[in-house]
Amino acid sequence: MSAETKQRPPTHSTDTALQREPALTIFQRGAPGRRAFQCPELDVPDVPLQDLLPVHLRRSEPPRLPEVSEPEIVRHYVRLSKRNFDLDSGFYPLGSCTMKHNPRLHERVAALPGHARLHPLQDPERAQGALELMWNLERALSEVSGLPHVCLQPSAGSHGELAGVLLTRAYHEARGETRHKVLTPDTAHGTNPATVTMAGFEVVKIATNPDGGVDLDDLRVKADTDVACLMLTNPNTLGLFDSNIQEIARIVHEVGATLYYDGANLNAVMGLSRPGDMGFDIVHFNLHKSFTQPHGGGGPGSGPIAVSDRIEPFLPVPRIVRNEGSNDDGPRFDLVEDWPGAKSIGRLRGFQGNYGCFVRSYAYIRSLGAPGLKDASETAVLNANYLLARLRQLGVSEHLPLAYGELCLHEFVLSGGPMKRNLKIKTLDLAKRLLDYGYHPPTVYFPLLVEEALMVEPTETETKETLDSFAEALAELLHEAAEDPEIAQNAPYTTPVRRLDEVGAAKHPVIRQSL
Amino acid sequence: MSAETKQRPPTHSTDTALQREPALTIFQRGAPGRRAFQCPELDVPDVPLQDLLPVHLRRSEPPRLPEVSEPEIVRHYVRLSKRNFDLDSGFYPLGSCTMKHNPRLHERVAALPGHARLHPLQDPERAQGALELMWNLERALSEVSGLPHVCLQPSAGSHGELAGVLLTRAYHEARGETRHKVLTPDTAHGTNPATVTMAGFEVVKIATNPDGGVDLDDLRVKADTDVACLMLTNPNTLGLFDSNIQEIARIVHEVGATLYYDGANLNAVMGLSRPGDMGFDIVHFNLHKSFTQPHGGGGPGSGPIAVSDRIEPFLPVPRIVRNEGSNDDGPRFDLVEDWPGAKSIGRLRGFQGNYGCFVRSYAYIRSLGAPGLKDASETAVLNANYLLARLRQLGVSEHLPLAYGELCLHEFVLSGGPMKRNLKIKTLDLAKRLLDYGYHPPTVYFPLLVEEALMVEPTETETKETLDSFAEALAELLHEAAEDPEIAQNAPYTTPVRRLDEVGAAKHPVIRQSL
Amino acid sequence: MLAAIGVSSVQEIFDRQIPREVRLDRPLDLPDGQSEQDVYEHLRALAARNVSAEDELCFLGAGMYDHYVPAIVDMLMERSEFLTPYTPYQPEISQGGLQVMFEYQTAICELTALPVSNASVYEGPSAVASAGYLAKLHNNRSRFVVSAGLHPHTLATLRTYAHGYGIEVVEVPLSGGVTDPEAWAEAIDENTSAAIFAQPNFYGAVEDAAALSAAAKAAGGEQLVTIAQVDPIALGVLAPPGECGVDVAVGEGQSLGNRLDFGGPSFGFFAARESYLRRMPGRIAGETTDVDGRRGFVLTLQTREQHIRREKATSNICTSQALNALAGVVYLSWLGRQGFVELGELLLRRTNYARETLCSLDGVAALHSQPVVREFAVRLDADVAAVRRRCAAAGVNPGADLHALTGRDEDRGGLLVAITERRSRADIDQLVEVLGQAVAAERRGGESGRRVEVGASA
Amino acid sequence: MLAAIGVSSVQEIFDRQIPREVRLDRPLDLPDGQSEQDVYEHLRALAARNVSAEDELCFLGAGMYDHYVPAIVDMLMERSEFLTPYTPYQPEISQGGLQVMFEYQTAICELTALPVSNASVYEGPSAVASAGYLAKLHNNRSRFVVSAGLHPHTLATLRTYAHGYGIEVVEVPLSGGVTDPEAWAEAIDENTSAAIFAQPNFYGAVEDAAALSAAAKAAGGEQLVTIAQVDPIALGVLAPPGECGVDVAVGEGQSLGNRLDFGGPSFGFFAARESYLRRMPGRIAGETTDVDGRRGFVLTLQTREQHIRREKATSNICTSQALNALAGVVYLSWLGRQGFVELGELLLRRTNYARETLCSLDGVAALHSQPVVREFAVRLDADVAAVRRRCAAAGVNPGADLHALTGRDEDRGGLLVAITERRSRADIDQLVEVLGQAVAAERRGGESGRRVEVGASA
Ligand SMILES: Cc1ncc(COP(=O)(O)O)c(C=O)c1O
Ligand SMILES: Cc1ncc(COP(=O)(O)O)c(C=O)c1O
């Protein structure tokens, strides 16, 4: 039933140790003069500070940082960590986020001083290992996406999107065109339209057809020569593959626009189907999703992009090049700001991108290899469809029907509409009650076009046992709600804090510790 | 009140998530064929096994080890870890165990491949860093103990004790004497008498005087020429320094016996008083106490010994020697099995001892230095006396008086006798109820001569705030007991499991998972 | 499992959803999978072909610095509970991460003396570009006036972004190592959306932040947004931007407990005056209470964000740098109130010692005489690339080649030298010796680097 | 705080308790304290002066082996909840550690096919000495008969302990690489407390454990205790001691997920037949239930232990190797049921490949022809020390010098070569090449090792 037990979790506030523990910040601990840091000795002349820095440029008061000992810091943050739910502790079927297991080997290799203490401005000839790693990763991502050119620089998915749309702008401008519109389906993730605006374009929404795909008629109407790009996720945020993808590509290309692939859902199709083969011009990857860079509670991430030949001239700088070395002494790698035909959009950030993430995702790709990546996607899709089937068997879909389609790929979206009407609990209530059952809830209220959406992505690294208990927990939760909807309406009961006043928080923002 | 809050913890079983989680072992998880390990490829000829190993020597059935994936292993043990209380999460005043903070720097340096992947049989000339570290540690321990010769080999305190008593045997035998008795005070830790027996001697108990020290008259009576050694802890397990130590040494040496120092309480006197100066011949250290090697839930530890000149010839092998190198190329270190005058007792274990612990404790000594070590002991003693004073102020000592003396050194022992009589709760009940308050209880029922003993050692790395809240928690707990002793008698309520049936466990031992 | 689904094979699931024509009919052209130990050996071999700050005496800085990262930072970052969760969408089970954000925001506000901070952005240069976007949303003006003292990566990134959201970027030159005050006032007018400078600037020089801000407001009016890219470590000794009339202070957080990692991941910090709160990019953690009155934390002011506001969002950022920001606040707690200042003062003194001793060498001159805190620029009377090669052969990386980074003619011969607390006086003296010999050898007209090596190993 | 205590200074607290004469009236003669970064640099410099298995191709074994330790082992050992608690004296808040012990005991029982295991002892050799003490307590006889095939450190440790508890140790020689069956039967009689051998023995040879046990019981009667020191990794392919008539199986656990650490900490395992349960040394975790009926674990059968039984305890052990035993059970779970056997078979094949190819060299001969699993002994027709030096110069540590370890004349020229899964065929081939050239050079009468290096780098 609940994550590890067969009993129902409590239906009252249990006043656990974590609930009783007041949330004191590190600034509320310690005492004046206490410290952890011992400053290295002053081994140079003790010149008076004012001789080095005029007083008017000087800081007058030390910042009120904590005054705490190392044991206090460790205890504070170790205790704090226990107030987090995490992937290593339980099932985390957060749709669209691909919460797959993060192998610890990746942390070990990323921590090797040769990677971790390498300065980003080290001369390329003395950073050959890093550049070769990046080159190999570029080649692997190119092969997975089916697009020839890769840039690893973007810091996350939405940064990759920005790169992609700016590339589209540069592409059109190079052809002497100024286009103003970018199309996004109403299933699109919020970063898509936000990116479009940031890149100076206007968002035009495309409707979704009854099968959950792009409404071709609406697309045909809106796809005119003022359209710079269509941004698509495929499989889309409904977990469905748009089988009209080739026709879509035709329409978009016909008006001279580019086709952008939001790669957040790549985990469904690695080694099985490639955006490049579908007709996409630009792809972004989320290394922190499909390629298991740990998510860190909100980053770091990494959002490399892959592009077709016609987009390549505009890629951000610097780029990695591989020079065939003179016979025996292997290839040499370099970073360049210019190349034949280059019309780069410039930089998106400092240095070469989130190398630490590259190391982890490259280790992942080397561990799995070609068969392993394909197997990962197949298992991810198998797990999603199995869980969906289990929910049907257990009658859950009576209250939470699949929003679109019959099968799904790596994730699926249920509609809580019937549940809301029949059982009087909202998807939010269901999510909060799931916390008591020991699970991280699926993504809720996204995509927007699904009423009371519940978006479930189990990933390939979960076991059948886990999927079964999760399905049973959902079923049990609905029985519970049928008996007494208030249980879910007032949930959670067992978490370190219970439902929080988000409205109040936004009305009178308190965003730092008062000191 | 309780560790982090000002409220009383619950007085009923709260049915927390951890309590609901059934204790499944790793053997009860997974599924046939599942695995984490990918075997490196067979790159040598695939010779039939029976050609290499006759069938009658072969294993017929694979052991029934778990069949689990890496994600399952990680989740299993991460969840399991949450069922432990630990020093990084809370106050751990376990008397006689010196639960001081374990700086994380020590884990970092111990993990350096040059230390962690060094083979114990590496040629000394290619392990100079390790041997120099061990040499430096020997010198530092010699200086702290005030005894000239050190051997790092023993694996823990009791192993050091065994070394010490065997050294005593060898010392007497070398003088053509066979002695049969070893004296231990009734305050001694259990490992002392157990060691005596294992080393082939007979234990003779020495009484404790009203001040908590050795009863000199009893000692004089029992100290005859059949006595090989007196084993003493100073400060002793009552946290008291035996001010007669010089007279004790005189008596013991007069009959030709050796004086052994159980160093478990060294944290009280580092840089302040030295066993060697008190007249001890042999000392053992607990690196996992005074020198902060993390305790690991029951080891690893390390129990080096320091000895006087007359004991030196008998030290275990191998020993580290330092040879002054030819002028510029510094000193050279070596391991030897023989040296001038050597009559070694031989080996106590394989290789050179728990080097990984040496690295940590050496890093600790380098971090603190001479002033830091002294400061550590002074603060440990200050904290213990402050906590004792706070308990007096809060009236706790009315029910839990100090067993002996007025002040204490690094720890103190209270007697729960009055509490048991006045409030009807035993020291055990108090300890169990403390669990609900979020603390690890002090050591209970040791030393044996104190009725309902409660042995408290706060250590130097705890803050005044922590000591204050602990004192308040104890006071509150006694008020609670005064109102209703059953609360403590039935405690704990909030722990992952509640009181366990230890008698049943011993009567029908189940010591492995049935498969 | 297949039976439950009602298919005969996993293939069937795909066949029924993905058209044949767009299916990949061959295996990916990638190496096979490897065992854990083989992958470890491969990644270790790659690492061995990098010369890291562990392998040489490194004076490289120019945006990222080889500070000592205390062991507790690694230990805490590696805890599953911090390493593996997603963004805290369910606050009830994410109080750990949310409180860390709240603490981090507090620390950044203290450092910058500004009242509001978000929970991190990607990194330094893009933080400036995001600050520019904030300015555009705020006053909808058409031009950014930027100091040439900004990091070249910042200038490049800002141009890339600004071209997207349609803002012109005008660069103001330096004079005497700092932003030219006249040119600065000149360039700014009522069409100027933001005036942007770096503190200290790319050449290590401390700018008169208060004067630059005041001049900008005077010329551009109150609606103009003053933006400073600040080095957080320098704030141990420098007047905080909040006290210098700066509206938005952003910067690279790597120095605060994050590894070099060949450039990332680290974090960017973003602090501002109250009035910009609702235009901030990224996550912001806020304090609130739960139904039982317990103190708790949530992601707040989300109406700024893409998942709510979509095309009207103040930024497109979603995944940010939470784990790196955790490292930042743990590091700052480790340094502590006094330690943070002590560190700044140590760097100030060591850096000035290094500049003095280096500039006493023949063929080495200060590129400017402005105050410096932790980094400084010198001009070599020799080919910088050749000199750097000689130093490298002696195990010393003397710093960054200025011209290679800025491409500015006036930077030819320029070397940017950074000092951290890991570089002792002895290390600095070794740099002086090795660099001195390298420059001398080059000026003698470049015979072999052998003498340099001998010198170094002495 | 002083006020509360009622003293004027900390000094006073000491003055009132410790007599002047035994107070230290000077500072300790030790270096001053250092900052974290300085201590790190110092320890790193020391590490850099060790040639570890990361730095050379290492074929050393002889009791400890360079196996790959999976990353999850480090990650779990470093978790505060496992790293920092004391021995689980309060079971209600120590279920994690106690269950780990229970799982560990289960795994050891499976490996050894014996019904009971404790929660770990210090390490291998002292585990044998403790097993000997168990035998003494069990039958109170006067002599141990031990095979010369035991590790020399085991023999030495056993002698040290046995001298203490007063038992004579008689050594039985090997013949043809394994314990001489006649001499073995000869040596054992009704005064023999225990008959002790190693599987595989120190020379890598697989003993006929069943025959040795049967012979021992036949000669010494049922009261005699048969003790085997077994290599746990070899049990992937070898018949487990429990199926060979062994009463007590002990051994060194380092191979199971523990680092080399220059010899420790690791753990010793200790498994036995049911009848010895109440004479086992060390901690034992047992299953039970709590007052509400939940499954739980406790330290059980504590009446064996020193803190209860004091001078009557079955052992003096207190702190043991809990964290290392955790590494052991995590490692075994990672290998898994099939993987454990696959690993054993891989080692068996690679080891035999190595022995064959090495023995095909001129001047290299097998020291015995018995079956070997993961280690084997050869005799060099050259000075072993000199050959090892040459190999070292070529980046290869070819294995241990047998004579240096045993001091036995018949071991002169002996080299003990260990193979782990980290030593690929290519590595073995490199060993063969380097060793071959070293032996050749020495037999030619020792000119410089240069040719060896060339060979190696080819
Ligand atoms: C479909 C989709 N697109 C884009 C993104 C944005 O990716 P990132 O968070 O890495 O910026 C996400 C992440 O939630 C996503 O799910
Ligand atoms: C006073 C005393 N002596 C000896 C020991 C035994 O030390 P170890 O556990 O390291 O064997 C202890 C540990 O509890 C102790 O407290």
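None of these values were measured; they are calculated from a predicted model.
- Using a 4.5 Å cut-off between heavy atoms, Pro492(B) contacts chain D through its side chain alone, with no backbone atom that close.
- Of the charged side-chain nitrogens involved, none lies within less than 4.0 Å of a carboxylate oxygen, so that Arg79(D) and Asp86(B) do not count as a salt-bridged pair.
- Using a 3.5 Å distance cut-off with no hydrogens or angles, the side chains of Gln122(B) and Asn50(D) do not pair a donor with an acceptor.
- A donor-acceptor pair shorter than 3.5 Å can be found between the side chains of Ser158(B) and Tyr122(D).
- Looking at Leu368(B), the atoms closer than 4.5 Å to chain D (heavy atoms on both sides) all sit in the backbone: N, CA, C or O.
- Considering only heavy-atom pairs separated by less than 4.5 Å from chain B, the leading option among Gly97(D), Ala48(D), Pro115(D), Gly344(D) is Pro115(D).
- Counting heavy atoms from C-beta on, the side chains of Arg34(B) and Arg337(D) never come closer than 4.5 Å.
- Here the CZ-OG1 distance, from Arg309(D) to Thr197(B), works out to 10.5 Å after rounding to the nearest 0.5 Å.
- Classified by interplanar angle (parallel below 30°, tilted 30° to 60°, perpendicular above 60°), the ring pair Phe351(B)/His151(D) is perpendicular.
- For Ile26(B), the parts lying under 4.5 angstrom from a heavy atom of chain D are both the backbone and the side chain.
- The contact between Val298(D) and chain B is made entirely by side chain atoms (from C-beta outward), counting heavy-atom distances below 4.5 Å.
- Heavy-atom pairs under 4.5 Å with chain D were tallied for Asp277(B), Val68(B), Val203(B), Leu121(B); the largest tally goes to Leu121(B).
- If you measure heavy-atom distances from Arg16(D) to chain B, the contacts under 4.5 Å come from the side chain alone.
- If you check the side chains of Glu103(D) and Tyr77(B), you find a donor sitting under 3.5 Å from an acceptor.
- Both the backbone and the side chain of Leu348(D) come within less than 4.5 Å of a heavy atom in chain B.
- Using a 4.5 Å heavy-atom threshold, the side chains of Ile511(B) and Glu287(D) count as separate.
- If you measure heavy-atom distances from Val144(B) to chain D, the contacts under 4.5 Å come from both the backbone and the side chain.
- Taking Gln338(D), Gln105(D), Arg23(D), Glu342(D) one by one and counting their heavy-atom pairs under 4.5 Å with chain B, the maximum is reached by Glu342(D).
- With a 4.5 Å cut-off on non-hydrogen atoms, Cys109(D) touches chain B through its side chain but not through its backbone.
- Proximity of the aromatic rings of His119(B) and Phe262(D) is defined here by a centroid distance below 6.0 angstrom, and this criterion is not met.
- Taking the side chain as every heavy atom from C-beta outward, Phe14(D) and Glu378(B) approach each other to under 4.5 Å.
- Interface residue Glu70(B): only side-chain heavy atoms are found under 4.5 Å from chain D.
- Using a 4.5 Å cut-off between heavy atoms, Arg126(B) contacts chain D through both its backbone and its side chain.
- A donor-acceptor pair under 3.5 Å links the side-chain atoms of Thr160(D) to the main chain of Arg347(B), judged by distance alone.
- Under the ring-ring contact (aromatic ring centres under 6.0 Å, His included) criterion, Tyr86(D) pairs with His295(B), Tyr89(D), not counting sequence neighbours.
- Using a 4.5 Å cut-off between heavy atoms, Val317(B) does not touch chain D at all.
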- request: Take Glu92(D) and Arg498(B) through the salt bridge (charged side-chain N to carboxylate O under 4.0 Å, His left out) test and state the conclusion after the steps.
  value: CA-CA 6 Å; Glu92(D) 299 86 349; Arg498(B) 300 182 55 215; over 6 Å; no
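- Only the side chain of His76(B) has a heavy atom closer than 4.5 Å to any heavy atom of chain D.
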